[in-house]
> 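Could you have a look at this structure, given as structure tokens, before my questions?
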Amino acid sequence: MSFLPYAVAVWLFVVGLWGVVTSRNLIHLVICLTVVQASTYIVLLGIGYRTGAAAPIFADIPTGTPTVDPVVQALTLTDVVVEATVVALLLALAVQAERRFGTLDPKEFGALRG
Amino acid sequence: MSRRVRLAIFGVGVAGLAALLVWGLAGLPDFGNYQGRYGRIVARSSVPQRKATDAVTVVTFDYRGFDTLGEEFILFISVIGVLALLRTHRDTEEGDDLEVEAIRRAPPPSESLALLGRVLAPLVLVLGIYIVAHGHLTPGGGFAGGVVLAAGLLVLYLTTGRIALRRIRPVETFEAVEAVGSFGFVLIGIGGLIAGAQFLHNFLPLGSSGLLTGGTIPLANVSVGLAVAGGVITVLSELLDQRLLRRAR
């Protein structure tokens, strides 16, 4: 049972990648990429979890109470911000691609046809 | 290469990757039994050393402030990138005609929706200010609060029609807000140097209890809140207005 959170992370990573590879729409592709990235949040938060511990907010609990790890939570915050910026850039690129090729389907892009 | 062959190759690759991931993650500490040292040290020291009760914010804006500065600049650069990609038409004659055409063809905003927006937006904005101001005490902080602030203004956008495409562009104000917020963090860092310590040293008095504690942490929260709110509004208004431009093209 203790491996379950990590198994969920692996599953999200793989299923997100599957979506990226099979996607027929750039917006859908970007959302699939966020699913891949969501797996990294689960890994980070899963590592820092301690059974029965409180959240690392000492507004209403005394200092010294066992808490889950605050450092990995701060890392997750960074992760979320980076994801948001990547998604913004990719969506702007999708807008540009649609303007140039008239479609959002990666298969139809003339310049990328192999 | 046909789609089927490509998918087969991907299937083999992803199966290998999944196996490696499972193998790697199996070597991590058992779920629920993490014994990392740094987290415990931070959790014990954030209240005595910084008088701030949210250990996560203390890590983000003080102990690890330098990383957060880099993170803020990632946001800044990505906003610039989005604008460079989406504003290719700006400051050209056809671009101006296109914008006039887009504004002319924009559907008129519904009055009842606009009223609802004017009622909702102040409530969301107050919540955003609350989350930014209490970042060092309770969950939240500059990043989360900044997004809520942006959401409050986007409520106005969604109910009145458009932001980026206007004769007088309020979106330029938000670009300035983003820049001021990003630079504010640098100023806080330089303040540490002026106080005779290292860059981003927490140089302000820590206080004892209440809202004005944590030294530079609340200030850093405010500057990040401004940067995030400005950045999110700039990017989203530009992205959302693309549908008007597209119709006019």
Side-chain angles (χ1 to χ4, degrees), chain A residues 1-7 9-11 13-14 17-18 21-22 39 43 46-78 80-82 84-89 91-96 98-99 107 114, chain B residues 1 6-7 10 14 17-18 21-22 25-26 28-36 38-40 42-44 46-48 53-60 64 67-68 71-72 74-75 77-79 81-83 85-86 88 137-139 141 143-144 147 228 231-232 235-236 238-239 242 246 249:
Chain A
M1 202 47 196
S2 72
F3 192 72
L4 186 64
Y6 300 136
V10 173
W11 169 246
F13 196 100
V14 168
L17 268 188
W18 176 261
V21 170
T22 58
S39 74
V43 171
I47 289 172
Y49 184 74
R50 290 168 74 193
T51 310
I57 314 291
F58 298 96
D60 47 9
I61 55 174
T63 303
T65 315
T67 62
V68 298
D69 194 280
V71 176
V72 289
Q73 298 204 355
L75 285 174
T76 310
L77 177 65
T78 306
V80 172
V81 174
V82 170
T85 60
V86 168
V87 167
L89 267 182
L91 287 178
L93 284 170
V95 169
Q96 280 291 52
E98 201 271 347
R99 201 182 288 167
K107 240 186 146 189
Chain B
M1 209 190 290
R6 265 188 299 165
L7 283 184
F10 171 74
V14 84
L17 180 70
L21 275 174
V22 169
L25 292 173
L28 285 174
D30 243 9
F31 182 70
N33 282 322
Y34 184 64
Q35 298 299 334
Y38 300 115
R40 268 184 294 168
V42 167
R44 292 222 180 107
S46 64
V47 175
T53 52
D54 183 348
V56 180
T57 310
V58 174
V59 174
T60 311
R64 225 170 52 91
D67 286 8
T68 307
E71 185 182 338
E72 214 189 5
I74 292 176
L75 182 76
I77 291 164
S78 120
V79 171
V82 169
L83 296 187
L85 283 169
L86 295 184
T88 44
L137 301 174
T138 52
F143 287 104
V147 174
V228 170
V232 169
V235 165
L236 281 181
E238 236 15 271
L239 276 173
Q242 290 299 314
R246 193 174 180 278
R249 232 176 222 119

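Order of the sequence lines fixes the chain letters, A, B, ..., with proteins taken first and strands second; residue numbering starts at 1 for each chain. Since the model is a prediction, treat every value here as computed from it, not as a measurement.
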> Decide side chain to side chain contact (heavy atoms under 4.5 Å, CB included) for A:Val10 and B:Leu25; before the verdict, give the C-alpha distance in whole Å, the side-chain angles of both, and the deciding distance to 0.1 Å.
CA-CA 9 Å; A:Val10 173; B:Leu25 292 173; 3.5 Å; yes
> Testing the basics here: between B:Thr53 and A:Ala59, what is the closest heavy-atom pair and its distance to 0.1 Å?
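So the minimum-distance heavy-atom pair works out to CB-N, 3.5 Å.
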> Minimum heavy-atom separation for B:Ala43 and A:Thr67, please, with both atom names.
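Taking every non-hydrogen atom into account, CB-OG1, 3.6 Å.
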> Work out which heavy atom in A:Ser2 is nearest to a heavy atom in B:Asp30; give both atom names and the distance.
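Minimum heavy-atom separation between A:Ser2 and B:Asp30: OG-OD1, 3.4 Å.
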> For the interface with chain A, which of B:Gly32, B:Gly39, B:Ala18 has the highest count of heavy-atom pairs at distances below 4.5 Å?
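That would be B:Gly32.
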> Counting only heavy atoms closer than 4.5 Å, note whether B:Leu75 contacts chain A via side chain, backbone, both or neither.
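Looking at B:Leu75, backbone and side chain both touch chain A.
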> Taking side chain as everything from C-beta outward and backbone as N, CA, C, O, which of these in A:Thr65 sits under 4.5 Å from a heavy atom of chain B? Side chain, backbone, both or neither.
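Looking at A:Thr65, nothing touches chain B.
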> What part of A:Trp18 is in contact with chain B, defined as an atom under 4.5 angstrom from a non-hydrogen atom: side chain, backbone, both or neither?
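The answer is both parts of A:Trp18.
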> Students often mix this up, so state it plainly: with edges at 30° and 60°, are the rings of B:Phe31 and A:Tyr49 parallel, tilted or perpendicular?
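Plane angle under 30°, so parallel.
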> Are B:Leu7 and A:Val21 packed together at the side-chain level, in the sense that at least one heavy-atom pair is separated by less than 4.5 angstrom?
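In short, these two side chains touch, coming nearer than 4.5 Å.
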> Heavy-atom distance under 4.5 Å to chain B: side chain of A:Ile61, backbone, both or neither?
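Interface part for A:Ile61: neither.
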> Go through the atoms of B:Thr68 and report whether side chain, backbone, both or neither lie under 4.5 Å from a heavy atom of chain A.
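The answer is neither part of B:Thr68.
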> Measuring heavy-atom distances to chain A, does B:Asn33 have an atom under 4.5 Å in its side chain, in its backbone, in both, or in neither?
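Only the backbone of B:Asn33 comes within 4.5 Å of chain A.
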> Go through A:Ala9, A:Ala53, A:Ala55, A:Gly48 and name the one with the most non-hydrogen pairs under 4.5 angstrom from chain B.
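Highest number of pairs under 4.5 Å: A:Gly48.
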> Who wins among A:Ile57, A:Val71, A:Leu75, A:Leu93 for the most heavy-atom pairs under 4.5 Å with chain B?
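When all of A:Ile57, A:Val71, A:Leu75, A:Leu93 are compared, A:Ile57 has the most.
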> With the side chain counted from C-beta on, respond yes when B:Ile74 and A:Val82 share a heavy-atom pair under 4.5 Å apart, and no when they do not.
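The answer is yes; the side chains approach within 4.5 Å.
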> Out of curiosity, A:Leu91 CG to B:Glu238 CD, how far, rounded to the nearest 0.5 Å?
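Those atoms lie 13.5 Å apart.
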> So what's closer than 4.5 Å to chain A heavy atoms on B:Leu85: side chain, backbone, both or neither?
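Both parts, heavy atoms under 4.5 Å.
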> Is A:Tyr6 close to chain B through its backbone or its side chain, or both, or neither, when contacts mean heavy atoms under 4.5 Å?
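Both parts, backbone and side chain.
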> Which bit of B:Val22 comes within less than 4.5 Å of chain A, counting heavy atoms only: side chain, backbone, both or neither?
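B:Val22 touches chain A through backbone and side-chain heavy atoms alike.
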> Less than 4.5 Å apart, side chain to side chain, heavy atoms only: is that true for B:Leu86 and A:Val95?
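Answer yes - side chains close enough.
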> Which bit of A:Thr63 is near chain B, if near means a heavy-atom gap under 4.5 Å: side chain, backbone, both or neither?
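A:Thr63 touches chain B through side-chain heavy atoms alone.
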> At a heavy-atom separation under 4.5 Å, does B:Ala26 approach chain A through its side chain, its backbone, both, or neither?
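Both backbone and side chain.
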> Under 4.5 Å between any side-chain heavy atoms of A:Leu77 and B:Val59, yes or no?
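No, their side chains stay 4.5 Å or more apart.
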> Carefully, step by step, assess A:Val80 and B:Phe143 under the rule side chain to side chain contact (heavy atoms under 4.5 Å, CB included).
CA-CA 10 Å; A:Val80 172; B:Phe143 287 104; over 6 Å; no
> Would you mind checking which part of B:Ser46 comes under 4.5 Å of any heavy atom in chain A, side chain (CB onward), backbone (N, CA, C, O), both or neither?
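Interface part for B:Ser46: side chain.
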> Check whether any side-chain heavy atom of A:Glu98 sits under 4.5 Å from a side-chain heavy atom of B:Arg246, and report yes or no.
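Side-chain contact under 4.5 Å: yes.
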> Looking at every heavy atom in both A:Phe13 and B:Leu17, which two are closest together, and how far apart are they?
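Shortest heavy-atom contact: CE2-CD2, 3.5 Å.
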> Locate the shortest heavy-atom distance separating B:Val47 from A:Phe58; write the atom from each residue and the value.
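Looking at all heavy atoms of both residues, the shortest contact is CG2-CB, 3.7 Å.
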> So which of A:Thr51, A:Asp69, A:Val43 has the largest heavy-atom pair count under 4.5 angstrom toward chain B?
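Highest number of heavy-atom pairs under 4.5 Å: A:Asp69.
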> In terms of heavy-atom pairs under 4.5 Å with chain A, which of B:Thr138, B:Leu28, B:Asp67, B:Val14 leads?
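Among B:Thr138, B:Leu28, B:Asp67, B:Val14, the one with the most close pairs to chain A is B:Leu28.
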> Search all heavy atoms of A:Thr85 against all heavy atoms of B:Ser78 and return the closest pair with its distance.
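Taking every non-hydrogen atom into account, CB-OG, 3.4 Å.
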> Measure the shortest side-chain to side-chain distance between B:Phe10 and A:Thr22 over non-hydrogen atoms and say whether it is less than 4.5 angstrom.
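No; the side chains remain at least 4.5 Å from each other.
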> Side chain, backbone, both or neither: which part of B:Leu137 has a heavy atom under 4.5 Å from chain A?
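Interface part for B:Leu137: backbone (N, CA, C, O).
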> Could you look at A:Gln96 and say if it's the side chain, the backbone, both or neither that has a heavy atom under 4.5 Å from chain B?
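The side chain, not the backbone.
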